[in-house]
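Please read these numbers as outputs of a predicted model, since none were measured by experiment. For the numbers below, each heavy atom of this structure counts, side chains included, while hydrogens, waters and symmetry mates do not.
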Amino acid sequence: MKRKLPPAVGILVAMLLGVAVGYMVFASFPDKAAAAQIAGYISIVSDVFLRLIKMLIAPLVFSTLVVGIAHMGDAASVGRVFARAIGWFLTASLVSLLLGMLLANLLQPGANINLPLPDVGASANLATSKFTLKDFINHMVPRSFAEAMANNEILQIVVFSMFFGVALAALGERGRTLVQGIEELSHVMLKITGYVMKLAPLAVLAAMAATVSVNGLAILAKFAVFMGEFYLALLILWALLIGAGFLVLGPRIVRLLRLIREPFLLSFATASSEAAYPKILDALDRFGVKRKISSFVMPMGYSFNLDGSMIYCTFATLFIAQAYGIHLPLETQITMLLILMLTSKGMAGVPRASLVVIAATLNHFDIPEAGLLLILGVDTFLDMGRSATNAVGNSIATAAVAKWEGELLSEEAAIAHAKTLDTEPDPPGTGLNPHG
């Protein structure tokens, strides 16, 4: 029998091919405008893939979350899961921000950078007014469910779905028909997801090729120290997250890490956490997390548990301050950290959100916003690490909450369930038959 290539290997091969294709374009077209135009055509595949993912996210989140909450049975259960998830998210965010601040002070990535600094008066042209606590709280509650769905506002969809799911559960038998209908909708969305995911390797190849076509690999050499130190920070954060997961899940954390290899690589290569969402749901199914937990905690994590983005906010802000020779006392850095804890929540739906948060923070502390221009050239490469870290953090957080809730299948039962998913006639990776 012919052995099938593991999906994670296929994505890794696509990444390497993408780098090779991109470098060929970069070397063949020294004119940056021409290279950018070619990269634009190459990226059509990855752009279409990400648009297809965005097309799926809103109905997938709504249908799986409503069914999950309806199956929990009462508002008390929903409140308990919500409190445990938020507790993990806030702790992980604080640790990520602290780690970024600590390593930026220890490694001093901005000192002696030996690169021309952008003029202090230059602007990165990023809107920063929307990142206030007041605006975030107002933005969290949708004015219209249709508007939230149309704009892919995950946090607003979560809020509406929580009300909808709790109300359905309260109706009992009267709501059973509607629950079944929405459950069938979730099956349809997962089926479509299986089709879309077949494009993943091509999308990865195109995304990598387009990035390297424009920037080449030389830009990585210029920022090698800064990028190396940031990825070292991410490695330490991964170790802390895995350690926290080990405390809750025990040795089973190793199996979870194996299961999320593919979504990890997918989010890394496309620099998009959203691209990995359906695959993470499937991986959690196979790990034994009941769908009523994963469909509730995962969407929340996309607004409240962006660990990779958190560490980047403090690390990059201090890097820019150091590059301009601005000394920030410890009390100022702690104030900055607390502000970032508030302003960064809900930033998942904003394009290049980490940069917007950093720009707002720079303005607040009179650090030249022009410093962002220093890192814009390599931001895509940094975003790859941030997105992959977000995928790891949300996977571990969801599994931990499931363990606390007693909604995690035993290892033997999870392996047996994974085999049933593999033998289904549906596309591999759809994660149908959500249990619980």
Side-chain angles (χ1 to χ4, degrees), residues 57 61 64-65 68 78 80-100 131 136 139-140 152-159 161-162 233-234 236-245 247-249 253 256-257 260 263-264 267-268 271-281 283-284 287 289 293-315 337-338 340-350 353-354 357 383 385-405:
I57 290 292
V61 168
T64 55
L65 182 51
V78 175
R80 188 177 62 247
V81 174
F82 177 84
R84 284 174 166 168
I86 288 293
W88 179 287
F89 296 161
L90 293 180
T91 303
S93 294
L94 184 60
V95 168
S96 301
L97 289 166
L98 277 170
L99 182 60
F131 281 93
F136 164 66
H139 180 72
M140 185 171 64
N152 253 9
E153 296 285 358
I154 293 181
L155 188 55
Q156 293 184 5
I157 295 169
V158 168
V159 170
S161 300
M162 286 173 63
L234 289 183
I236 295 171
L237 179 57
W238 295 346
L240 291 175
L241 290 171
I242 293 167
L247 291 177
V248 179
L249 303 168
I253 188 71
L256 178 61
L257 295 175
I260 63 171
F264 173 86
S267 57
F268 180 85
S272 168
S273 301
E274 284 183 340
Y277 179 85
K279 282 291 184 184
I280 294 175
L281 275 183
L284 291 169
F287 184 67
V289 176
I293 300 295
S294 59
S295 62
F296 182 46
V297 178
M298 277 292 297
M300 284 176 54
Y302 271 67
S303 290
F304 293 104
N305 194 41
L306 301 171
D307 301 325
S309 302
M310 294 286 98
I311 193 171
Y312 184 64
C313 286
T314 45
F315 195 87
L337 184 148
L338 294 174
L340 283 168
M341 272 290 287
L342 296 174
T343 58
S344 59
K345 298 307 172 193
M347 68 183 182
V350 180
S354 297
V357 172
D383 199 12
R386 300 196 299 262
S387 299
T389 304
N390 295 340
V392 172
N394 282 324
S395 303
I396 294 174
T398 305
V401 172
K403 180 67 182 289
W404 288 333
E405 282 291 304

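Here the straight-line distance linking atom CD1 of Ile86 with atom OG1 of Thr91 works out to 10.5 Å at 0.5 Å rounding. The CD1 atom of Ile293 lies 13.5 Å from the CE atom of Met298; values are rounded to the nearest 0.5 Å. Summarising the geometry, atom CG belonging to Leu237 is positioned 6.0 Å from atom CG belonging to Leu99; distances are rounded to the nearest 0.5 Å. How far CG of Leu247 is from CD1 of Ile242: 12.5 Å, rounded to the nearest 0.5 Å. Taken from CG in Leu94 to CG in Leu338, the straight-line distance is 8.0 Å, to the nearest 0.5 Å. One finds the CG atom of Leu257 at 9.0 Å from the CZ atom of Phe287 (value rounded to the nearest 0.5 Å).
The nearest pair of heavy atoms linking Ser272 to Ser387 is N-OG, 3.5 Å. The two residues Asp307 and Ala92 make their nearest non-hydrogen contact at OD1-CB, 3.4 Å. Of all heavy-atom pairs spanning Ser309 and Arg386, the tightest one is CA-CD, 4.1 Å. Across every non-hydrogen atom of Trp404 and Trp88, the tightest pair is CH2-CE3, 3.4 Å. Residue Ser294 comes nearest to Thr398 through the heavy atom pair CA-CG2, 3.5 Å, listed as atom of the first residue, atom of the second, then distance. Taking both residues in full, the closest heavy atoms of Thr314 and Gly100 are given as OG1-CA, 3.4 Å, listed atom of the first, atom of the second, then distance.
Using a distance-only test at 3.5 Å, with no hydrogens or angles considered, no donor-acceptor pair links the side chain of Thr389 to the main chain of Gly308.
Under the 30°/60° scheme for interplanar angles, the aromatic rings of Trp238 and Phe264 are found to stand perpendicular.
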Steps toward side-chain contact (heavy atoms from CB on, under 4.5 Å) verdict (Ile311, Val95): CA-CA 8 Å; Ile311 193 171; Val95 168; over 6 Å; no
Stepwise side-chain contact (heavy atoms from CB on, under 4.5 Å) test for Phe296 and Val78: CA-CA 9 Å; Phe296 182 46; Val78 175; 3.9 Å; yes
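Checking Asn394, Ile57, Ile154 one by one against Tyr277, the side-chain contact (heavy atoms from CB on, under 4.5 Å) holds for a single residue, Ile57.
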